[in-house]
*Asks:* 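This is the structure I want to talk about, given as structure tokens.
In this text, all values refer to a predicted model and were calculated from it rather than measured experimentally.
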Amino acid sequence: MKHLDTIILGAGAAGLFCAGSLLELSGAAARPEVLVIDHARAPGEKIRISGGGRCNFTNLATSRDRFLSGNPRFCASAIAGYRPEDFTALVDRAGIAWHEKTLGQLFCDGSARQIVDLLLERMRGAQLWLGTSVEAIRQVDGLFEVATSRGTVRSKRLVVATGGRSIPKMGATGLGYEIAAQFGLGLVEPRPGLVPLTFAVQDLERLRPLAGLSVLAEVSHGQGRAAARFRDGLLFTHRGLSGPAILQISSFWRPGEDISVDLLPGQDLGQLLRAQRGQGGRVALGTALARHLPARLADAILDELGGAAARLADQRNADLDRLAERVHRWRLRPVGTEGWRTAEVTLGGVDCRALNARDMQARTVPGLYFIGEVVDVTGWLGGYNFQWAWASAHAAARGIAAEAALSP
């Protein structure tokens, strides 16, 4: 039976990065034996498809308030210990060209495959077992014994980097949650995050004719200090609403709750239409509205309000205010989401209260670590979830390397 220093389950972003960090932090003189196991046939598949194939590998605006968790403070230590600039330095040393898009998002100029290659090169010296299923895990004499389709291996340390349930066609499973439950760790119920929203039949009848139309919108949810608000693209689909603004708000929305959509953010439609009326109100109301919104959307809104044939000159201030209210504060109640099939991430996961924030180690099971998406920490859209993968993996590797250095 093969004995190793550390076994890592999962060859995704967190698992690959953790392996590389372990080798890097331990140094050549005390190079540990590290094994990464994954049932997939290729490593880093979610990396490869991310960012439209260019990988949005981090976000310069990373901070604690960009993450959702049952324990909002938990991620602070890890993200402070490994910043976006640290990962960008790796990218630069690898000679990978990149660019910044809006809101601090960093993308490869070329293929996302470059990030996978970087991670594989960085973990050179570790073993990688792909196409290998995990059949059972148990503790024997203080060691973790992992039975796999390629045989049984043992290690003092086991790092769970198996991800969540999002994008099942990429092979996502609930293995990490099963391991947590086996060792008595609590779970926050997993649910789809960064996912399109779906609507009831009566709402879909209004939305479907607009399928394929994209607009800048501000979508909000909640009130007061708990309110969330995102200004970004909104896409009408045959199933409901999608686009970055909707994906963002989906992580905050719960069944039975409303969302509010401003289809003309940063402007005052009532004031704009009053000005147009004063300049020449003989135009059709639809023509006036189409100066500010796509014509198809303007027509749909006026059909709904019964003003499709109206002239701008005939509209009272109260009428224009009613139209502006519909455009700026369009209230909708989704009935659900498109689910795991299209979810980009998993909300929930291993309860942070069961883990040490400094090194991601289970408080009650020494040597057992959980990193990345399997943990109840979920970032906003825009590179934050990759940064959490790098940061949590680095925190675990740093803790393991420090503990190994102190061991006799």
*Asks:* Taking it one step at a time, do Thr346 and Glu373 satisfy side-chain hydrogen bond (donor to acceptor under 3.5 Å, both in side chains)?
*Replies:* CA-CA 7 Å; Thr346 301; Glu373 190 180 352; 2.9 Å; yes
*Asks:* Might you confirm whether atom NE2 of His238 has over 12 heavy atoms from other residues, nucleotides or ligands at distances under 6.0 Å?
*Replies:* no
*Asks:* Any chance you could lay out the side-chain hydrogen bond (donor to acceptor under 3.5 Å, both in side chains) test for Asp258 and Trp253, step after step, and finish with the verdict?
*Replies:* CA-CA 8 Å; Asp258 291 347; Trp253 174 83; over 6 Å; no
*Asks:* Cation over ring, Lys156 on Phe144, under 6.0 Å and within 45°?
*Replies:* no
*Asks:* Run Glu121 and Arg124 through salt bridge (charged side-chain N to carboxylate O under 4.0 Å, His left out) and show every step you take.
*Replies:* CA-CA 5 Å; Glu121 177 63 27; Arg124 180 178 290 186; 2.8 Å; yes
*Asks:* Over all heavy atoms of both residues, which pair between Asp38 and Gly12 is shortest? Give the atoms and the distance, please.
*Replies:* OD2-N, 4.3 Å
*Asks:* Under the criterion salt bridge (charged side-chain N to carboxylate O under 4.0 Å, His left out), I'd like the reasoning laid out for Arg122 against Glu24: C-alpha separation, chi angles, the key distance, then a yes or no.
*Replies:* CA-CA 8 Å; Arg122 187 169 176 264; Glu24 185 179 87; 3.3 Å; yes
*Asks:* With side chains defined as the heavy atoms from C-beta onward, is the minimum distance between Arg165 and Tyr177 less than 4.5 Å?
*Replies:* yes
*Asks:* If we only count heavy atoms from C-beta on, is the Leu197 to Leu247 side-chain gap below 4.5 Å?
*Replies:* no
*Asks:* Do Leu285 and Leu323 come close enough that some side-chain heavy atom pair is under 4.5 Å?
*Replies:* yes
*Asks:* Shortest non-hydrogen contact from Phe67 to Gly379?
*Replies:* CD2-CA, 3.5 Å
*Asks:* Could you walk me through whether Asn71 and Ser69 pass the side-chain hydrogen bond (donor to acceptor under 3.5 Å, both in side chains) check?
*Replies:* CA-CA 5 Å; Asn71 181 354; Ser69 173; 5.9 Å; no
*Asks:* Are any side-chain N or O atoms of Glu257 and backbone N or O atoms of Arg254, one a donor and one an acceptor, separated by less than 3.5 Å?
*Replies:* yes
*Asks:* Find the distance between CZ (Arg157) and CG (Leu4) and round it off to the nearest 0.5 Å.
*Replies:* 11.5 Å
*Asks:* So, Gln361 side chain and Leu355 main chain: donor-acceptor pair closer than 3.5 Å or not?
*Replies:* no
*Asks:* For atom CZ of Arg239, is the number of surrounding heavy atoms from other residues, nucleotides or ligands below 6.0 Å larger than 12?
*Replies:* no
*Asks:* From Leu289 CG over to Leu269 CG, what is the distance, rounded to the nearest 0.5 angstrom?
*Replies:* 6.0 Å
*Asks:* Just wondering, do Leu143 and Ser155 contact through their side chains at under 4.5 Å, heavy atoms?
*Replies:* no
*Asks:* Calculate, to the nearest 0.5 Å, the distance between atoms CD and CG belonging to Glu100 and Leu60 respectively.
*Replies:* 5.0 Å
*Asks:* Are the side chains of Phe386 and Ser50 in contact, using a 4.5 Å heavy-atom criterion?
*Replies:* yes
*Asks:* Determine whether a donor-acceptor pair (N or O, by modelled atom type, separation under 3.5 Å) exists between the side chain of Ser149 and the backbone of Ser133.
*Replies:* yes
*Asks:* Would you say the ring centroid of Tyr82 lies under 6.0 angstrom from that of Phe17?
*Replies:* yes
*Asks:* Could you report the tightest heavy-atom contact between Ala401 and Leu25, atom names first, then the distance?
*Replies:* CB-CB, 4.0 Å
*Asks:* Has the side chain of His328 got a donor or acceptor atom that lies under 3.5 Å from a matching backbone atom of Gln267?
*Replies:* yes
*Asks:* Atom CG of Asn317 and atom CD of Gln271: how far apart are they, to the nearest 0.5 Å?
*Replies:* 11.5 Å
*Asks:* Search all heavy atoms of Gly256 against all heavy atoms of Arg333 and return the closest pair with its distance.
*Replies:* O-CZ, 3.1 Å
*Asks:* Only one of Arg64, Arg353, Met360 passes side chain to side chain contact (heavy atoms under 4.5 Å, CB included) with Phe74; say which it is.
*Replies:* Met360
*Asks:* Identify the two heavy atoms, one from Ile167 and one from Ala172, that lie closest to each other, and give their separation to 0.1 Å.
*Replies:* O-CB, 3.9 Å
*Asks:* Side chains of Val160 and Ile371: closer than 4.5 Å at any heavy-atom pair?
*Replies:* no
*Asks:* Which heavy atom of Pro209 sits nearest a heavy atom of Arg206, and at what distance?
*Replies:* CD-O, 3.5 Å
*Asks:* Applying salt bridge (charged side-chain N to carboxylate O under 4.0 Å, His left out) to Asp319 and Arg322, what does each step give before you reach the verdict?
*Replies:* CA-CA 5 Å; Asp319 298 323; Arg322 178 167 166 254; 5.6 Å; no
*Asks:* If we ignore hydrogens and angles and just use 3.5 Å, is the side chain of Asp5 paired with the main-chain N or O of Glu33 as donor and acceptor?
*Replies:* yes
*Asks:* Taking Gly53's backbone N and O only, do any of them form a donor-acceptor pair with Arg48's side chain (distance below 3.5 Å, no angle check)?
*Replies:* no
*Asks:* How about CD on Glu189, more than 12 heavy atoms from neighbouring residues, nucleotides or ligands closer than 6.0 Å, or not?
*Replies:* no
*Asks:* Can you check whether Phe370 reaches Val159 side chain to side chain, under 4.5 Å on heavy atoms?
*Replies:* no
*Asks:* In Å and rounded to the nearest 0.5 Å, what is the CD1 to SG distance from Ile400 to Cys18?
*Replies:* 5.0 Å
*Asks:* Any chance you could lay out the salt bridge (charged side-chain N to carboxylate O under 4.0 Å, His left out) test for Glu205 and Arg208, step after step, and finish with the verdict?
*Replies:* CA-CA 6 Å; Glu205 288 177 354; Arg208 280 189 180 128; over 6 Å; no
*Asks:* Considering the options Thr88, Leu90, Val91, which one meets the side chain to side chain contact (heavy atoms under 4.5 Å, CB included) requirement together with Ile96?
*Replies:* Val91
*Asks:* Show, in sequence, the C-alpha distance, side-chain angles and deciding distance for Leu320 and Arg277, and conclude whether the side-chain contact (heavy atoms from CB on, under 4.5 Å) test is met.
*Replies:* CA-CA 10 Å; Leu320 298 182; Arg277 184 182 59 187; 3.8 Å; yes
*Asks:* Counting only N and O atoms by type, is there a donor-acceptor contact under 3.5 Å from the side chain of Gln248 to the main-chain atoms of Ala228?
*Replies:* no
*Asks:* Closer than 3.5 angstrom, by distance alone: can the side chain of Ser392 be matched with the main-chain N or O of Gly372 as a donor-acceptor pair?
*Replies:* yes
*Asks:* Is the shortest heavy-atom distance from the side chain of Pro84 to the side chain of Leu106 under 4.5 Å?
*Replies:* no
*Asks:* Give a yes or no answer on whether the side chain of Ser251 reaches the backbone of Ile249 with a donor-acceptor pair at less than 3.5 Å.
*Replies:* no
*Asks:* Can you establish whether the number of heavy atoms outside Arg331 located under 6.0 Å from its atom CZ is more than 12?
*Replies:* yes
*Asks:* So does Leu103 get a backbone contact from the side chain of Asn59, meaning a donor-acceptor N/O pair under 3.5 Å?
*Replies:* yes
*Asks:* Side chains of Thr152 and Lys2: is there a donor and an acceptor less than 3.5 Å apart?
*Replies:* no
*Asks:* What side-chain hydrogen bond (donor to acceptor under 3.5 Å, both in side chains) pairs are there with at least one residue in residues 287-298, not counting sequence neighbours?
*Replies:* Gln276-His292
*Asks:* Are Trp380 and Phe230 close enough that their ring centers fall under 6.0 Å?
*Replies:* yes
*Asks:* Has Gln223 got more than 12 heavy atoms of other residues, nucleotides or ligands less than 6.0 Å from its CD?
*Replies:* no
*Asks:* Taking it one step at a time, do Trp390 and Phe87 satisfy ring pair (Phe, Tyr, Trp, His ring centres under 6.0 Å)?
*Replies:* CA-CA 8 Å; Trp390 319 138; Phe87 191 81; 4.3 Å; yes
*Asks:* Run the numbers on Ser21 and His394 for side-chain contact (heavy atoms from CB on, under 4.5 Å), then give the verdict.
*Replies:* CA-CA 6 Å; Ser21 293; His394 187 78; 3.6 Å; yes
